[in-house]
Amino acid sequence: MGRKAKFDESVKVKKGPGRKARKQPDPVFKKGLIDDDNEEKKLSHRQKQRAARRLKKKKELLEKKKALKEAKKNVAKVNEKVVEDKSEDESEDSEQENVEGFTDDNKEWLKPKQKSKSKEYNSEDDEDESGSDQEVVEDEDVEEAPEKTGKEKYKVGKLDDLFVDTDEEQENEPDEDDDAENENKMDYNSDSSDEEKDDDDDDDDMLPIEKANIKLKKKQKMEKKLADDELQLNISKQDVFAFPSEEELQNPTSLQDIHQRIKDVVTVLSDFNRLKDQERSRCEYTELLMKDLCMYYSYNEFLMEVLMQIFPVQELVEFLEASEVARPLTIRTNSLKTRRRDLAQALINRGVNLDPVGKWSKVGLVIYSSTVPIGATPEYLAGHYILQGASSFLPVMALAPQENERILDMCAAPGGKASHIAAIMKNTGALFANDANKDRTKAIVGNFHRLGVVNAVICNYDGRQFPEVIKGFDRVLLDAPCTGTGVIAKDPSVKTSKEQKDIQRCFNLQRQLLLAAIDCCNAKSSTGGYIVYSTCSILPEENEWVVNYALKRRNVKLVPTGLDFGTEGFVKYRHHRFHPSLKLTRRFYPHTHNMDGFFVAKFKKFSNVIPEPFKDEDDEEIKEDAEQNGDATNQEKSKIKNTPAKRPAESVAVEPQNKKTKTTDETNGIGDNTSKGQDNSKQVQKKNKNKKNKKKNKPQENQKADSSKGDNVKNVVETKTEVTETKDSKVEPKLKGKKNKKAKQNKAKMANEEPSKQNKGNNVQTKQNQSVIKEETKTNAKGNVAKAQTTNQTAVTSKASNKVENDSSSSPKKNKNKKKNKKKGGANAPTVTVNTNKEKITEKMEIEASKKLKNKNKKKVVGQLNKDKAKSGNKAAAKLNKKKQK
Amino acid sequence: MKVLSEDRTKKLFEKLTKYIGVNVKLLIDRPDGTYCFREKKDRVYYISERLLQLAQTVKPDHLISAGTCFGKFTKTNKFRLHITALTYIAPYANYKIWVKPSAEQQFLYGHHVIKSGLGRITENTPKHQGVVINTMSDIPIGFGVAARSTTECRHADPLATIAFHQADIGEYIRSEDTLV
């Protein structure tokens, strides 16, 4: 209601009658309510003079203080001198001195409040601006105040009154007045807080509440510090961690307990000497930790062990924790079609919450949240961006493609990195995007067309054969297939599915691919000659070791990747000592860089000459591993050009199957389910047929050999069935011992039934035998390819003799078979009779039978070895023949 | 990668002319090198001569794609443009239709453009003319055939079809496997 208030004096309200006859005056506000905007005003001439005087005073004050210090012992004398010094015309000066030293009897222990006092003067000086004589008197009053504390309150009250009065007169410095008031009050309230206030006084504009706040904070800080100290004391006194007993380990109560235990063990390991249980070794702790980690994060022990070798304990837990959480979704702007700013704007309009991925990339955007599916917006479909992990930018940035170059991406699907390369090249030059998987190349085609990449050739080769297709690339990017231990968040199946064998298979492939990639590159290229190797794995076996391998075998050297972050590659890992230049490679971890685990290495090829192949400890290690695992990939085989990719996979795939079939046979035998056995055998046969079809180059001679050896393997199965039968007999008598009458009837039935079963069993056996034979021969053949290669020459010469060998090897076994059959018949007959007798006899029989079995097995093994050699010889010979025919 | 036959070349260019008119010339005469059309498994690729040379080193069985796929010849020997050709058609198109943001999604799912979704249309678009469909922010999202001329559009009722759908960029997701 009424008129608007005029807060500043500058605007003058018109006076005199207006439309309304009576004009309301402007409202008058209390000073405290009015905020002052214009604190910094130009000083008038007088004000300036006063300010200069104040400065002067301050200087003098300082000097006097010094003097005071010097003459501390003779305080009284100094005071007298000061009194003498003061000049009468500067009354303010004299006031100061009065404050400076106390002249009464208490002067020896009383100390003046220096700053706060001087502050008061300041404020009061400001008041002088109005030029009222009163104030001088007031000043004097205040200065007297410290002398007698009893008067203080009264005087303060007076002061306040005065300020209220003066407020109306001068509205220019209400703040300072307030400050002064508050200071005065607070000063008198608590002397202990003087020091704090002295600090605070430096910044003039503090409100009382702010000061109170600061004070409170300081107090809280102190309290917290004390509390922390206490806590530390408590902790150090506490018993840290008790090693759990066996029972506790076997019966885990809850995941939370395990989590707690992990934490505890980590703390113990971090300061082992102090916190350890004296009776426990570090090994025990680490083992416990490993088991707990496996349990808590559901890893298999192998992978956890490997990870523990890579990371220190503390970091390991961080890594595992980070691997549980998905990385933020990132997209890459397609610079062929749009700019990042435009894209960001367009997406924000669609309700996407995003941010640039970081300073290191000009095309990346992080998506925090989105109301629309980010992979199906019209912008996405129009090719303005592609979903791509932040880590996938790195290898392309390291590759640093230039325009008009010829570049190869060896393992391109689904084309994210390749399209990035094309975008950097601005669709010039030529880009070859290769992938071994034909189905996945469709994704490359789709992405390239969507993103508008027109300079690309998409092809489908095994990367290892690429040097035979086309060479002379300026730059090559190899993002090798890997175990994916860096992207566990994306694919948690890695946790449990990876074994030593998988890793080994991976790094063998990676080595071959890397050598192929290096061969594809042209060292004489004027702009390039670079190869970038990257994986989304963090295992040194797949990274540093592979790089080291390539360094030894090709004329390449490592160069800086051009990525200014990431941790350095390992130079030593366990017993491996890599080339020192491996420092130039870069590792990225989910827990430190918030992107997928990644490895990037950049090579520069300095010569196109391929050095002589040689063997070193790397090869040997592989060989050893290969032998241990029965994996048929080693260096020699990789050089055989007959689709080396298939071989390891098949041999590996077959072996476990073989074992399985055996086990199933056994289990079926125990269960006495001949029908199931038949089914199994049929299945196995089918599998075998499939495999046969796949392996067309398998020589016929082998099959002949198979058939000749068929009888041999029969024995194996037969012996197994024997075991099962004996087991049957073992179970049955126990039942029958209780009911003799029924038992006799049963026995009769059994006697009738068993032969029939045996007949069925024999049928089954023959089928099974055939299947087993085929498998075994295959696996043997595969397993011995290497040996076969080395013994090629001998194989050729002994081709004819092989047959003879086969015959000879099979003939004695036939005899054995007969014997075994006889034995078997003998064994069967007693079981029937034994049923009538006591259990002891059956036990004896069992023992006998088992012994026989063992012997037979041993014989079989020995025999097989011989056979294997013969077969491999055969196979090699057949191959040679085929080659000749060609 | 073989050269298109006379007959097929003719069909291809007829089809392209429907959308980009005389601008077809610009596809052939380019300042940045010569470009040509090549055929592989009935698919037609538009590729620069230089890249073609390199692509020929790859065995046909292993070559998946090179350059840009424009479309394919059907078994009845007609040419059908694919959405992948949009990169080249969109900038040269003479006649365009802009759809409203609300109708974008509909078109991207393979529906025709109806009057209610029509944002803008090039003046003097004749009936049955090949048109490129854009969003209001000028992003090409597909192409089709005008069902009505511009003048007819004015008086059409809200549910009348303005342009028949032929291809849209939603196909990159919907039919990635059959794209090339």
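So you know, we letter chains A, B, ... as the sequences are listed, proteins then strands, and number each from 1. These numbers come from the heavy atoms of this one structure, side chains and all, not from hydrogens, waters or symmetry mates.
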Which heavy-atom pair separates [X] from [Y] by the least distance, and what is that distance?
X	Y	result
A:Ala382	B:Ile169	N-CD1, 3.4 Å
B:Ile173	A:Gly375	CD1-O, 3.4 Å
B:Val58	A:Cys459	CG1-CB, 3.8 Å

Heavy atoms, side chains only, cut-off 4.5 Å: are [X] and [Y] in contact?
X	Y	answer
B:Ile64	A:Ile444	no
B:Ile139	A:Pro378	no
A:Leu381	B:Ile141	no

Which N or O donor-acceptor pairs, by atom type, sit under 3.5 Å across chain A and chain B?
{"unit_1": "A:Arg350", "atom_1": "NH2", "unit_2": "B:Glu104", "atom_2": "OE1", "d": "3.3"}
{"unit_1": "A:His449", "atom_1": "O", "unit_2": "B:Tyr172", "atom_2": "OH", "d": "3.3"}
{"unit_1": "A:His449", "atom_1": "NE2", "unit_2": "B:Cys69", "atom_2": "N", "d": "2.9"}
{"unit_1": "A:Ala456", "atom_1": "O", "unit_2": "B:Gly67", "atom_2": "N", "d": "3.0"}
{"unit_1": "A:Ile458", "atom_1": "N", "unit_2": "B:Ser65", "atom_2": "O", "d": "2.7"}
{"unit_1": "A:Ile458", "atom_1": "O", "unit_2": "B:Ile64", "atom_2": "N", "d": "2.8"}
{"unit_1": "A:Ile458", "atom_1": "O", "unit_2": "B:Ser65", "atom_2": "N", "d": "3.2"}
{"unit_1": "A:Asn460", "atom_1": "N", "unit_2": "B:His62", "atom_2": "O", "d": "2.7"}
{"unit_1": "A:Asn460", "atom_1": "O", "unit_2": "B:His62", "atom_2": "ND1", "d": "2.6"}
{"unit_1": "A:Tyr461", "atom_1": "OH", "unit_2": "B:Lys59", "atom_2": "N", "d": "3.1"}

Among B:Gly170, B:Pro140, B:Cys69, B:Gly142, who wins on heavy-atom pairs under 4.5 Å with chain A? B:Cys69
Need one label for [X]: side chain, backbone, both or neither, based on atoms under 4.5 Å from any heavy atom in chain B.
X	value
A:Ala433	neither
A:Ala430	both
A:Phe432	side chain
A:Val454	both

The interface call for B:Leu108 against chain A, heavy-atom contacts under 4.5 Å, is side chain
